[in-house]
Amino acid sequence: AAGTLPFLLITLLGLEPDAFHKRVRIVRPLLPQGLDRLDIKGLHVNRASVDLTFERDNTGVHVEVTNLDGELEVEVTQAV
């Protein structure tokens with residue numbers, strides 16, 4: 001039960017961390033109805049830390065890297 005919320009968040013936001021390759025992929029991020037913006041601060045992948053902002057507009061959910069500390073590639077793939 002304690003892992004339900006983190007799992008739900010990872011699934012909705014499309015987060016696919018890959019510490020071995022120092023990368024995080026964000027694939028087709030979604031936000032629940034009524035939530036138009038979500039800030040994630042201090043997401044650790046390998047030895048890097050990243051802050052992300054997920055924001056909904058008319059065309060979908062967009063992701064912005066607001067802070068990056070360390071070596072990490074952030075790749076965002078939107079719905080096609």
Side-chain angles (χ1 to χ4, degrees):
T4 302
L5 185 57
F7 178 75
L8 182 62
L9 213 58
I10 288 169
T11 302
L12 277 174
L13 298 178
L15 293 173
E16 296 179 0
D18 181 355
F20 185 72
H21 293 103
K22 299 178 183 176
R23 173 177 55 216
V24 62
R25 292 182 66 222
I26 303 167
V27 181
R28 295 182 299 280
L30 299 171
L31 288 173
Q33 272 313 80
L35 185 63
D36 292 327
R37 179 185 169 121
L38 178 68
D39 295 310
I40 304 261
K41 299 205 182 257
L43 176 65
H44 292 273
V45 179
N46 199 334
R47 294 187 175 166
S49 175
V50 65
D51 297 345
L52 302 167
T53 296
F54 294 80
E55 195 159 16
R56 180 196 329 269
D57 68 13
N58 309 16
T59 62
V61 175
H62 301 278
V63 182
E64 179 183 352
V65 176
T66 55
N67 188 44
L68 177 58
D69 183 22
E71 186 181 340
L72 184 68
E73 176 187 351
V74 179
E75 177 186 324
V76 180
T77 304
Q78 300 292 343
V80 287

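The basis for the numbers below is simple: all heavy atoms, side chains too, and nothing from hydrogens, waters or symmetry mates.
- In this structure, Val50 is a member of the same hydrophobic cluster as Val76, with clusters built from ILVMFWY side-chain heavy atoms closer than 4.5 Å.
- When hydrophobic clusters are built by joining Ile, Leu, Val, Met, Phe, Trp and Tyr residues whose side-chain heavy atoms come closer than 4.5 Å, directly or via intermediates, Leu13 is not grouped with Leu8.
- Applying the salt bridge (charged side-chain N to carboxylate O under 4.0 Å, His left out) test between Lys22 and each of Glu73, Glu71, Glu75 identifies Glu71 as the sole match.
- Asn67 CG to Leu43 CG: the interatomic distance, rounded to the nearest 0.5 Å, is 12.0 Å.
- Atom-to-atom distance recorded for Thr53:OG1 and His62:NE2 is 13.5 Å, nearest 0.5 angstrom.
- In this view, Arg47 satisfies the side-chain hydrogen bond (donor to acceptor under 3.5 Å, both in side chains) rule with no residue, not counting sequence neighbours.
- Smallest separation of non-hydrogen atoms from Lys41 and Asp51: CA-OD1, 3.2 Å.
- Judged by distance alone, the side chain of Gln78 and the main-chain N or O of Val61 form a donor-acceptor pair under 3.5 Å.
- Between Gly42 and Ser49 the shortest heavy-atom distance is CA-OG, 3.5 Å.
- Heavy atoms only, all atoms of each residue included: Ile26 and Phe54 are closest at CG2-CE2, 3.9 Å.
- Atom CD of Glu16 is separated from atom OG1 of Thr11 by 10.0 Å, given to the nearest 0.5 angstrom.
- Under the 4.5 Å side-chain criterion, counting only non-hydrogen atoms from C-beta, Leu52 is not in contact with Val24.
- Atom CG of Asp39 is separated from atom CZ of Arg37 by 4.0 Å, given to the nearest 0.5 angstrom.
- In plain terms, the two heavy atoms of Val63 and Pro29 that are nearest each other are CG2-CG, 3.9 Å.
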Taking it one step at a time, do Arg25 and Asp18 satisfy side chain to side chain contact (heavy atoms under 4.5 Å, CB included)?
CA-CA 8 Å; Arg25 292 182 66 222; Asp18 181 355; over 6 Å; no
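- Closest heavy-atom contact between Leu38 and Leu9: CD2-CD1, 4.2 Å.
- For CG of Asp69, the number of neighbouring non-hydrogen atoms (other residues, nucleotides, ligands) closer than 6.0 Å is 12 at most.
- Under the 4.5 Å side-chain heavy-atom criterion for ILVMFWY residues, no single connected hydrophobic cluster contains both Val65 and Val27.
- If you chain together hydrophobic residues whose side chains sit under 4.5 Å apart, Leu35 and Leu12 never meet in one group.
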